[in-house]
Structures are given as C-alpha cells and as structure tokens.
Novice: 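Dropping a structure here in structure tokens format, bear with me for questions.
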Amino acid sequence: MAVIEGMDNMEKVLPPGQFETDKWPILHEGDVYQFEEDKWNFRLFGDVKKEVTLSFADVMNLPKTKSTVDMHCVTTWSKFGTSFEGIAFREFLNLAQLEQDVKYVKLYGYLNGNRFGYSANLPLEPLLGDDSLFVFRWKDQLHEWQDITPKHGYPLRFIPPASFYLWKGPKWASGIEFMKEDEAGYWEERGYSMTANPFKEERFAEPNFTFDDFEDYDD
Ligand SMILES: Nc1nc2c(c(=O)[nH]1)N[C@H]1C(S)=C(S)[C@@H](COP(=O)(O)O)O[C@H]1N2
Ligand SMILES: [Mo]
C-alpha cells in the first residue's frame, strides 16, 4: 500500500468542492441548547437487550480519548487538524448489550428543546476507531485546550470520522439508537445523502439540492 509521508489515510486531504478554513464555523438548526446537568442524560436504546440511561457523571467517568480529526462540512468548508478530547464511540458499545446483526446507528441531539429532535444515521463499523468520539474539549493551532462552547454542542457533541460530512455529528448529543437496518436521520429525510462520504462528494441523495450558507463564528 502506498503511504504518503506525514499523512494518515484521509487526513489533510481536501475533498472535491471543499475549501480550507482556519476558523471553526457554527451551523445548526434551531436554538443553542443550555446545559442543565440534573435534567441531562444519555440514552442507549434500539436493538439492545437492555436499554441504558447514563447521567452526565456516568458519561464523564468513561475512559477518555484524544484524537485529531479533519472536519468537512457539506456547505463546503473543511477544517483540518482539530484536536478533541472525548469519549470514543466504542466505549458505549461496552455498556449496551447489542442484539445480533446491529449494523447501523442513529445518533441524536437536541433541536429546539426536543432531546431527540436532531439525528444522523451512520454505519456502525467505521465508528470503532479513535477518530469517532463524543467530545467536550478541543484545541487547534490557534486555540489552547478548552471546553467546546454551547454553540458547538456543549456539554457533549459527536465528531464523526473525516470520511463523513459533519452533519453526521450531532451537537448537544442525547443518545445512540442501535439498528439492524439503515434509517434516515434529520437531514437524510430532507434529501441529504445516507452515506455522506466527502471524498466521493456524496452531498445529496437527489440532484439540484441547495443549502443555507453559514455566517456565524464564536470569535
Ligand atoms: N443537534 C444538532 N446537531 C447538529 C446540527 C443541528 O442542527 N443540531 N447541525 C449539523 C450540521 S449540518 C453541521 S455542519 C455541524 C456543524 O457543527 P459546528 O457548528 O460545530 O461547526 O453540526 C451538526 N450537528
Ligand atoms: Mo451542515
């Protein structure tokens, strides 16, 4: 296998139709969720033998992972090399006893106060590495380690591997549904790609689709 020095797999490669940004844009539907620890929990459900509900303390007591990930947004910006601290997706597999033949997940997050209002579907197998995590801290070349801001999904937000567009990363994450069959999430129901690979430019399920531009930054 050919290896380009200093590059791992798909890191630091600009997918077709994307441009590079040093800033971290903010995009989402609806309100910014305001964290209240006593009301917050994280649910593991779907095709599991036993549903699990985790408190914020339960989640924060899970083993932590640090990983540097490239983000590719379908609105055409890409941000390379942001480091994140969080809990690897695979840690939650150890807690939920999956039924046989679970091959997909739907990851949920808040939308306008609805805990399960936002969602994104993903295949299970590509999410088992260090580049697939629910994050709460970040740093990059311009910023020291710090908590993610409410606008970026505090207290917990999923960052998908770079082989998926960033809409597959719910902010204000609220749970994981385990599924035997693939099932569309929020944007997938609205015409976006089920598979969403930026390197194959899988933006929309249907041609001639448009999207809102981004216009917000933390600083
Ligand atoms: N809960 C929630 N998560 C969400 C969204 C949303 O509307 N609600 N938007 C998604 C989209 S379309 C993108 S591009 C990224 C943007 O993340 P950022 O604002 O941290 O860059 O969040 C994703 N996660
Ligand atoms: Mo997006």
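The structure displayed is predicted, hence computed values, not measured ones. Nothing fancy with the numbering, it's 1 onward along the sequence. Both counts, for ligands and for their atoms, begin at 1 and track the order of listing.
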Novice: Which residue holds the protein heavy atom closest to atom 16 (C) of ligand 1, what is that atom called, and what is the gap in Å?
Specialist: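 Of the protein heavy atoms, Leu27 O, 3.4 Å lies nearest.
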
Novice: Are any of the side-chain heavy atoms of Phe84 and Thr68 separated by less than 4.5 Å?
Specialist: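 No; the side chains remain at least 4.5 Å from each other.
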
Novice: Please tell me if the side chains of His72 and Leu166 come closer than 4.5 Å, counting only heavy atoms from C-beta onward.
Specialist: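 No, every pair of side-chain atoms sits at 4.5 Å or beyond.
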
Novice: Between Lys79 and Asp140, does the salt bridge (Lys or Arg N to Asp or Glu O under 4.0 Å) criterion hold? Intermediate values first, please.
Specialist: CA-CA 10 Å; Lys79 184 178 187 308; Asp140 67 9; 2.8 Å; yes

Novice: In ligand 1, which numbered atoms sit nearer than 4.0 Å to a non-hydrogen atom of Glu29?
Specialist: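 With Glu29 as reference, the close atoms of ligand 1 come out as 6 (C), 7 (O).
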
Novice: For the residue pair Leu95 and Asp58, establish whether any side-chain heavy-atom pair is separated by less than 4.5 Å.
Specialist: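 Sidechains of Asp58 and Leu95: no contact.
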
Novice: Does any N or O atom in Trp77 lie less than 3.5 angstrom from one in ligand 1, N or O only?
Specialist: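 Such a contact does not occur with ligand 1.
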
Novice: Going by the atom numbers of ligand 1, which of them fall below 4.0 Å from some non-hydrogen atom of Cys73?
Specialist: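 That gives atoms 14 (S) of ligand 1.
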
Novice: Looking at Trp145, is Lys66 sitting on its ring face, NZ or CZ under 6.0 Å from the six-membered ring centre and within 45 degrees of the normal?
Specialist: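 Yes - Lys66 lies over the ring of Trp145, closer than 6.0 Å to its centre and within 45° of its axis.
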
Novice: So, is Lys171 polar-close to ligand 1, with some N/O to N/O distance under 3.5 Å?
Specialist: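 There is such a contact, yes.
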
Novice: For atom 10 (C) of ligand 1, state which one of Tyr33, Tyr108, Phe158, Tyr118 supplies the nearest heavy atom.
Specialist: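 Minimum heavy-atom distance to atom 10 (C) of ligand 1 goes to Tyr118.
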
Novice: Is there at least one pair of N or O atoms, one from Arg157 and one from ligand 1, spaced under 3.5 Å apart?
Specialist: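 Looking only at distances, the answer is yes, because the N/O contact criterion of under 3.5 Å is met.
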
Novice: Looking at non-hydrogen atoms alone, which of Lys79, His152, Arg115 comes nearest to atom 20 (O) of ligand 1?
Specialist: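 Nearest option to atom 20 (O) of ligand 1, by heavy atoms: His152.
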
Novice: Can you check whether Tyr118 reaches Trp167 side chain to side chain, under 4.5 Å on heavy atoms?
Specialist: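 A side-chain contact under 4.5 Å exists here.
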
Novice: Looking only at protein heavy atoms, which one is nearest to atom 24 (N) of ligand 1, and what is the separation?
Specialist: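 Protein heavy atom with the smallest distance to atom 24 (N) of ligand 1: Gly169 O, 2.9 Å.
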
Novice: Is the ring centre of Trp77 less than 6.0 Å from the ring centre of Phe19?
Specialist: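 No, too far apart.
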
Novice: Should the pair His28 and Trp172 be assigned to parallel (<30°), tilted (30 to 60°) or perpendicular (>60°) ring geometry?
Specialist: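 Ring orientation, 0 to 90° scale: perpendicular.
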
Novice: Report the part of Pro25 (side chain from C-beta onward, or backbone N, CA, C, O) that has a heavy atom under 4.0 Å from ligand 1; answer both or neither where that applies.
Specialist: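 Backbone only.
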
Novice: Any idea which atoms of ligand 1 are less than 4.0 Å away from a heavy-atom of Ile26?
Specialist: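 Here the atoms of ligand 1 in question are 19 (O).
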
Novice: Are Arg203 and Tyr192 side-chain neighbours, meaning at least one heavy-atom pair lies under 4.5 Å?
Specialist: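 Counting from C-beta outward, Arg203 and Tyr192 never come under 4.5 Å.
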
Novice: Is it the case that ligand 1 has an N or O less than 3.5 angstrom from some N or O of Gly109?
Specialist: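 No.
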
Novice: Just to be sure I read this right, does ligand 1 sit under 4.0 Å from the backbone of Trp24, its side chain, both, or neither, counting only heavy atoms?
Specialist: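 Answer for Trp24: side chain.
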
Novice: Could you tell me whether Trp167 and ligand 1 have an N or O pair separated by under 3.5 Å?
Specialist: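 No; the residue has no nitrogen or oxygen that sits under 3.5 Å from a nitrogen or oxygen of the ligand.
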
Novice: Both conditions, 6.0 Å and 45 degrees, for the charged tip of Arg90 above the ring of Phe92: are they met here?
Specialist: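 Arg90 over Phe92 ring: no.
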
Novice: Do Phe136 and Lys64 make a side-chain contact, defined as non-hydrogen atoms from C-beta onward lying under 4.5 Å apart?
Specialist: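 Answer yes - side chains close enough.
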
Novice: So, regarding Leu111 and ligand 1 (criterion: nitrogen or oxygen to nitrogen or oxygen, under 3.5 Å), is there a contact or not?
Specialist: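 No: no nitrogen or oxygen of Leu111 is under 3.5 Å from one in ligand 1.
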
Novice: Could a heavy atom of Lys168 be found less than 4.0 Å from some atom of ligand 1?
Specialist: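 Heavy atoms of Lys168 never come under 4.0 Å of ligand 1.
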
Novice: If you count the atoms of ligand 1 from 1 in the order shown, which ones are under 4.0 Å from a heavy atom of His28?
Specialist: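 Under 4.0 Å from His28, ligand 1 has these atoms: 5 (C), 6 (C), 7 (O), 9 (N).
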
